[in-house]
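In what follows, a single structure is set out as structure tokens and then discussed.
The chains referred to below are lettered A, B, ... by the order of the sequence lines, with proteins before strands, and numbering in each begins at 1. Since this is a predicted model, take the numbers as computed values, not measurements.
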2 protein chains.
Amino acid sequence: MTQFDSALNQLRERLLSGFYSPGVALTAADLAESLGMSRTPVREALRTLASEGLVEMEMNRGARVTVWDDEKLAVVFDIRSLLEGLACRRAAERAEAHDLDELDALAQRILAKGEPGPDRDEDAVQSLNSEFHNGILRIADSPMLETAMHGVVHAAVLARTRGSYTDEEQRRSSLHHLEIVAALRSGDANWAESVMHSHLAQGRIAALRARNESEAAG
Amino acid sequence: MTQFDSALNQLRERLLSGFYSPGVALTAADLAESLGMSRTPVREALRTLASEGLVEMEMNRGARVTVWDDEKLAVVFDIRSLLEGLACRRAAERAEAHDLDELDALAQRILAKGEPGPDRDEDAVQSLNSEFHNGILRIADSPMLETAMHGVVHAAVLARTRGSYTDEEQRRSSLHHLEIVAALRSGDANWAESVMHSHLAQGRIAALRARNESEAAG
DNA sequence: CATGAACTAATTGGATGCAATTAGTTCATC
DNA sequence: GATGAACTAATTGCATCCAATTAGTTCATG
């Protein structure tokens with residue numbers, strides 16, 4: 001694990017968690033200090049994050065946190081739907097029994113943690129959700145696909161601020177996960193792809209609604 | 001235009017043109033010297049190229065030119081097909097008259113330059129082809145989509161070594177371009193997307209065949 | 001002749017220093 | 001009070017330097 005890797009991971013984490021406000025300037029020296037390293041690996045990480053779309057760099061002006069408008073967000077979900085659909089197709093053809101068991105366990109936990117009531121834990125849902133989607137990507141087993149998704153997946157996660165799902169949407173989302181596992185288990189690539197498309201179509205609606213609500217509020 | 005931009009453009013150009021053999025180690029100091037700059041901007045460019053999938057970096061071992069096997073290549077074409085299909089959908093909804101005229105002119109020139117005979121010019125075909133696809137991406141008007149495609153488009157171009165198309169394929173490819181313009185002109189997103197999918201399905205076949213032929217030969 | 005320890009050369013990742021550019025502030029002028 | 005020239009502080013992009021790691025070579029040993 002190099003300083004570059006460390007900087008990349010930590011900065012990506014901060015950007016996705018909303019630690020930095022959209023549009024804010026990211027000063028290399030400040031980041032370096034807060035990460036306990038010099039500017040060199042930080043600058044390399046910023047270049048990588050720029051090519052992932054999480055920050056934007058301008059000549060002699062350094063990096064700024066990307067501002068997400070409705071248009072960008074919608075495209076991100078379109079792209080993510082296509083790529084994750086492809087990942088599902090591939091996963092349906094490659095998944096082993098133990099892969100499916102792991103995904104199933106994750107889907108069950110997401111269902112439980114997302115159920116309305118005292119045990120609800122949205123942080124856990126979000127974290128497990130990431131694990132589920134990453135799991136499918138792993139089963140799809142294609143470095144190229146992972147590379148292509150880096151530019152958009154993270155951004156989509158960023159958009160889904162916590163609490164954007166209604167109870168009904170959360171439940172449907174959880175059931176989508178279970179249905180995806182069922183589709184993968186049956187080896188039906190079309191089915192798996194379709195459910196993923198439905199899953200992200202709903203996610204897109206919720207993300208855009210959440211954005212507009214928070215805009216109207218603040 | 002910073003040294004970083006210069007390094008990124010030139011190195012990308014070299015990688016796509018096959019200047020460096022697949023799998024070869026790219027020594028930062030050598031690159032820096034050949035580009036007339038220090039290692040710092042070169043290293044940043046290599047990080048970016050890595051996130052685009054054109055090179056691969058390993059801890060304490062620097063960068064190597066990515067080796068494209070059949071599997072990787074097939075996935076690249078799958079992804080490119082999905083993303084360019086989306087670009088076509090968006091272009092069908094956004095293209096202005098002058099956009100369509102420009103694309104049409106390009107399609108006509110590709111048809112002419114690709115026709116078997118003394119006027120055939122494969123370099124021109126390849127170059128115009130890139131222009132055509134970039135034109136559609138431009139009309140689609142989405143920075144996110146461009147970002148996502150950077151990871152795969154270049155790679156796909158790389159794979160299509162000159163002369164990989166048969167006469168029949170070249171002709172069909174040229175007609176695809178004209179058909180795409182017609183679909184865009186009619187504003188039919190489904191039609192435009194379908195033709196693009198067909199176009200890249202054929203491209204994929206040709207690219208994989210070319211790879212296996214050259215492998216059998218050399 | 002094969003094997004591997006010991007040494008050397010090359011190369012990497014990262015820290016630091018510096019000129020050039022940009023952003024911010026002060027202050028004179030209308 | 002607004003406008004903008006002149007100066008200052010911050011910040012960038014890049015070159016250079018250095019310790020740590022890797023790759024390559026030599027040479028002793030079985």
Requested in this report: Using whole Å, report how far CG of A:L8 lies from P of C:dG13.
Outcome: 14 Å
Report task. Take atom CG of B:D5 and atom C1' of D:dT12, then tell me their distance rounded to the nearest Å. Result -> 14 Å
Requested in this report: Check every strand shown and say whether A:L46 touches a base, only sugar-phosphate, or nothing at a heavy-atom separation below 4.0 Å.
Outcome: nothing
**Report entry** Side-chain N or O of B:R43 closer than 4.0 Å to phosphate OP1/OP2 of C:dT12
**Finding:** no
Query raised in the report: Which is true for B:T27 with a 4.0 Å heavy-atom rule: it touches a base, it touches only sugar-phosphate, or it touches nothing?
Result: sugar-phosphate
Query raised in the report: Taking 4.0 angstrom as the limit, do A:R204 and A:D78 come out as a salt bridge?
Result: yes
Requested in this report: May I ask you to say whether A:D141 pairs ionically with A:R90, meaning some side-chain N is under 4.0 Å from a carboxylate O?
Outcome: no
Query raised in the report: Using a cut-off of 4.0 Å on non-hydrogen atoms, how would the nucleic acid contact of A:T2 be classed: base, sugar-phosphate, or nothing?
Result: sugar-phosphate
Query raised in the report: Which nucleotide in the set C:dG14, D:dA15, D:dG13 lies at the smallest distance from any side-chain heavy atom of A:R39?
Result: D:dG13
Requested in this report: Answer with yes or no after comparing the ring centroid distance for A:H133 and A:H177 against a 6.0 Å cut-off, counting only values under it.
Outcome: yes
**Report entry** Cationic N near anionic O, under 4.0 Å, B:E122 to B:K113
**Finding:** no
Query raised in the report: How long is the line joining CD of B:E33 and P of C:dT11, in whole Å?
Result: 11 Å
**Report entry** Proximity to DNA chain C (any heavy atom under 4.0 Å), residues of residues 56-63 of chain A only
**Finding:** A:N60, A:R61
Query - Rounded distance (Å) that lies between atom C1' of D:dT11 and atom CG of A:L26 - result: 13 Å
Report task. May I ask you to establish whether A:R14 and A:Y20 are in a cation-pi arrangement, using a distance under 6.0 Å from NZ or CZ to the six-membered ring centre and at most 45° from the ring axis? Result -> no
Requested in this report: Run the salt-bridge test on B:R39 and B:E44 with the 4.0 Å N-O cut-off and return the result as yes or no.
Outcome: no
Query - Atom pair distance, as rounded to whole Å: CD in A:E44 and C1' in C:dA15 - result: 12 Å
Query raised in the report: Cut-off 3.5 Å, side chains only: do B:S6 and B:Q10 have a donor facing an acceptor?
Result: yes
Query raised in the report: For B:R47 and C:dT12, what is the distance between atoms CZ and C1' respectively, to the nearest whole Å?
Result: 10 Å
**Report entry** Whole-Å gap separating P (D:dA23) and CZ (B:R64)
**Finding:** 9 Å
Requested in this report: Considering just the side-chain nitrogens and oxygens of B:S38, establish if one lies under 4.0 Å of OP1 or OP2 belonging to D:dA15.
Outcome: yes
Query raised in the report: For B:D30 and C:dT12, what is the distance between atoms CG and C1' respectively, to the nearest whole Å?
Result: 13 Å
